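Input: a single structure, listed below in structure tokens.
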Amino acid sequence: MVVKSIKEKSSSFFLYFCSKGFKKPASPQQGTKGNAVSSEQKQPGGWKAMPFILGNETFERFATIGLLSNFMVYLMKKFNMDQVSASNVLNIWSGVSNFAPLIGAFISDAYVGRFATIAVASVASFLGMLTITLTAWIPQLQPPQCPAEQQLHGHCISPSKAQLGVLLTGLGLLSIGTGGIRPCSIPFGIDQFDPTTEEGAKGINSFFNWYYTTFTLVILLTLTLVVYIQDSVSWVLGLGIPTLLMAASIVLFLIGTRIYVHVKPQGSIFSSIAQVFVAAYNKRHLRLPAEGQEFGVFYDPPLKEYVLSKLPLTYQFRFLNKAAITTKNDLEDDGSPKKRWLCSIQDVEEVKCLVRIIPIWASGIISFTAMAQQGTFTLSQALKMNRHLGPKFQIPAGSISVISMLTIGIFLPVYDRIMVPSLRKITKHEGGITLLQRIGIGNFFSILAMVAAGVFEQKRRNSATLHPGAAPISVFWLSPQLILMGFCEAFNILGQIEFFNKQFPEHMRSIANSLIFCSLAGSSYLSSIVVNVVHHVTGGHGHPDWLTNDINAGRLDYFYYILAVMSAFNFLYFLYVAHRYRYKGQVRIEPKSEPDVELSSM
């Protein structure tokens with residue numbers, strides 16, 4: 001699906017690098033505490049390593065995005081799937097692919113390191129793309145071709161179990177590749193620079209700019225040139241070119257092996273999160289001290305080397321504080337912990353950051369579910385509309401999402417350079433508006449986008465059914481819903497990325513960025529559930545269901561209205577949890593009579 005391949009691997013990344021492009025690099029004073037080697041020992045590959053890393057990234061992105069940007073059409077035309085079945089395959093695969101980075105991050109951080117993870121994952125991605133390319137090349141790996149008229153009425157031969165097995169094997173290998181590449185590629189590039197030097201700090205900033213620039217070019221090329229080749233020239237060529245580029249990315253990546261800085265794995269943050277919950281449960285019978293009497297009760301050692309900021313003790317989710325209570329048998333004579341499950345105040349507060357954010361994170365799932373329809377049913381609409389530009393050229397249906405991407409690309413610089421300074425003068429807030437307000441605006445745009453989608457689908461359907469002999473209306477009637485969805489993504493995804501990164505400690509930002517992909521995964525599964533429920537519940541008594549293959553006979557507009565209602569309830573839920581949210585580091589251990597001091601403002 002375009003959204004679940006392009007929008008996840010392009011929209012969220014596209015917005016991520018837009019946000020990074022507007023930020024300053026890490027200050028040299030922060031040091032390199034998190035690295036496995038000291039700044040004296042570390043000799044960064046720097047820009048010598050960048051041609052290999054950026055080349056690998058560019059080819060890899062071009063390969064995977066180019067392969068999957070038009071995959072919905074491929075499943076419908078080459079595997080004779082109806083749009084509901086194709087949507088289910090892509091939603092489920094997308095969910096797996098977006099949960100996979102959590103596993104990849106754990107393996108990389110705890111065991112093998114980033115270089116090995118990227119190398120193995122790249123090979124898996126190549127094998128996955130090669131497998132899918134073979135399904136287009138070898139006739140025995142796909143069902144017999146079916147005329148469009150028979151496909152419309154569901155009279156085509158479905159793929160066999162063996163053919164589906166080969167296809168799903170390719171998608172599974174791609175998920176493995178995604179799980180390894182996605183969480184490691186950016187940190188591995190940053191590892192090549194020493195942030196303790198001015199040159200290294202500038203290099204990190206330039207790295208993000210080049211990364212964003214190449215990524216934008218890849219998106220535009222894949223949504224136009226590659227999709228055009230797949231639609232108008234050959235599926236084998238359109239899938240084969242990205243596969244060959246993926247092979248080239250592996251070769252380029254391995255050539256630079258001796259130049260790279262290889263940071264050793266430092267252990268995973270997931271183990272310390274589990275430790276806090278286990279310790280709190282084991283000490284559930286202990287009594288917490290009264291406020292103001294905490295001195296000497298909780299374990300509060302000096303910060304670990306890779307932790308850059310200390311979090312104060314808070315009283316929200318107080319039951320977790322028990323994990324840091326020290327008993328007579330917990331400490332050695334030198335003050336070191338005797339028991340494995342003794343946690344520090346810092347450990348406890350880091351887990352609280354995660355617990356506080358979960359309700360905000362959950363609100364993104366339904367909002368992203370609305371976005372997901374761009375690559376399934378919006379594409380189905382485009383296939384039924386007039387896509388001609390002039391007498392000879394026809395816009396590929398898979399390229400229509402360029403409208404949404406262009407909206408994001410044009411709006412973000414305007415927002416950052418014009419709107420934010422103007423709002424800052426009014427609100428006196430550094431970001432113009434708070435990050436929670438930005439996320440809320442994005443949620444509201446998801447409602448507007450689904451309402452617009454329903455309205456314009458009704459117009460398209462009425463034109464097709466009332467004037468069957470007339471030419472279909474222009475595909476650019478889909479522009480309003482795509483533009484609104486672009487605003488939704490610009491506010492929501494960007495707001496969530498920045499919100500998660502600011503509300504987590506620096507060394508937990510791998511989790512912060514993984515949460516976006518978990519939201520996309522959840523939206524994939526929710527989208528699949530909603531599609532299947534609507535498909536099986538609607539229709540009957542001689543009437544087709546709302547999501548029938550022939551969308552002129554269905555009621556896709558009603559489906560969009562359902563999503564609009566879901567988004568409206570989600571917006572109310574978000575307002576509630578956002579109102580109750582307490583920002584990181586706002587509560588200090590002080591007498592109640594003294595005002596709270598905000599340590600970290602948004």
Side-chain angles (χ1 to χ4, degrees), residues 1-2 4-6 8-10 13-14 49-71 74 78 90 93-94 96-98 100-101 104 108 114-138 141 166-186 188-189 210-211 214-230 233-257 260 398:
M1 160 192 340
V2 177
K4 290 307 178 184
S5 57
I6 292 295
E8 291 167 0
K9 213 172 157 70
S10 76
F13 276 154
F14 180 84
M50 287 306 102
F52 305 104
I53 294 177
L54 288 175
N56 168 263
E57 289 291 338
T58 301
F59 283 152
E60 187 274 331
R61 290 192 305 266
F62 193 93
T64 52
I65 296 174
L67 180 71
L68 298 173
S69 59
N70 208 26
F71 206 56
Y74 180 72
K78 293 298 182 179
L90 290 169
W93 169 76
S94 177
V96 173
S97 296
N98 281 296
S108 171
R114 293 175 183 131
F115 173 80
T117 303
I118 293 174
V120 173
S122 296
V123 173
S125 288
F126 169 71
L127 294 176
M129 287 186 287
L130 179 62
T131 302
I132 293 175
T133 301
L134 291 176
T135 64
W137 191 10
I138 302 175
L141 295 181
V166 173
L167 178 70
L168 296 179
T169 298
L171 292 177
L173 288 168
L174 281 172
S175 294
I176 294 174
T178 298
I181 295 172
R182 206 176 273 184
C184 298
S185 59
I186 301 171
F188 186 69
W210 278 101
Y211 203 117
T214 58
F215 195 81
T216 304
L217 292 175
V218 166
I219 291 172
L220 294 176
L221 285 174
T222 52
L223 287 178
T224 52
L225 179 61
V226 175
V227 171
Y228 176 79
I229 293 174
Q230 292 171 347
V233 181
S234 167
W235 280 103
V236 176
L237 186 61
L239 297 175
I241 290 175
T243 303
L244 291 175
L245 289 175
M246 186 66 224
S249 77
I250 297 173
V251 174
L252 194 60
F253 182 71
L254 295 178
I255 288 175
T257 301
Y260 301 142

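Computed from a predicted model, the values in this text were never measured in an experiment. Along the sequence shown, the residues carry numbers beginning at 1.
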Any chance you could measure [X], atom [atom1], to [Y], atom [atom2], to the nearest 0.5 Å?
X	Y	atom1	atom2	answer
L221	Y228	CG	OH	15.5 Å
Q230	I241	CD	CD1	9.0 Å
T169	L134	OG1	CG	12.0 Å
T178	L173	OG1	CG	11.0 Å
I181	L174	CD1	CG	9.5 Å
L54	S249	CG	OG	13.0 Å

Which heavy atom of [X] sits nearest to which heavy atom of [Y], and what is that distance?
X	Y	result
R182	P101	CD-CG, 4.0 Å
S175	A100	O-CB, 3.7 Å
V233	L237	CG1-CD2, 4.0 Å
G189	M50	O-CE, 4.0 Å
G104	P183	C-CG, 4.2 Å
P242	G238	CD-O, 3.0 Å

Using a 3.5 Å cut-off and no angle test, enumerate the donor-acceptor pairs between side-chain atoms of residues 122-131 and protein atoms at least two apart in sequence or in another chain.
{"residue": "S122", "atom": "OG", "partner": "I118", "partner atom": "O", "Å": "2.8"}
{"residue": "S125", "atom": "OG", "partner": "A121", "partner atom": "O", "Å": "3.3"}
{"residue": "T131", "atom": "OG1", "partner": "L127", "partner atom": "O", "Å": "2.8"}

For this session: Scan side-chain atoms only and decide if T133 and W137 contain a donor-acceptor pair under the 3.5 Å cut-off.
Result: no
Exercise. Donor-acceptor pair, W93 side chain versus L171 backbone, under 3.5 Å?
Worked result: yes
For this session: For the pair Y74 (side chain) and L239 (backbone), establish whether a donor and an acceptor sit closer than 3.5 Å, ignoring hydrogens and angles.
Result: no
Exercise. In terms of ring plane angle, is the pair F115 and F188 parallel, tilted or perpendicular, where the classes change at 30° and 60°?
Worked result: tilted
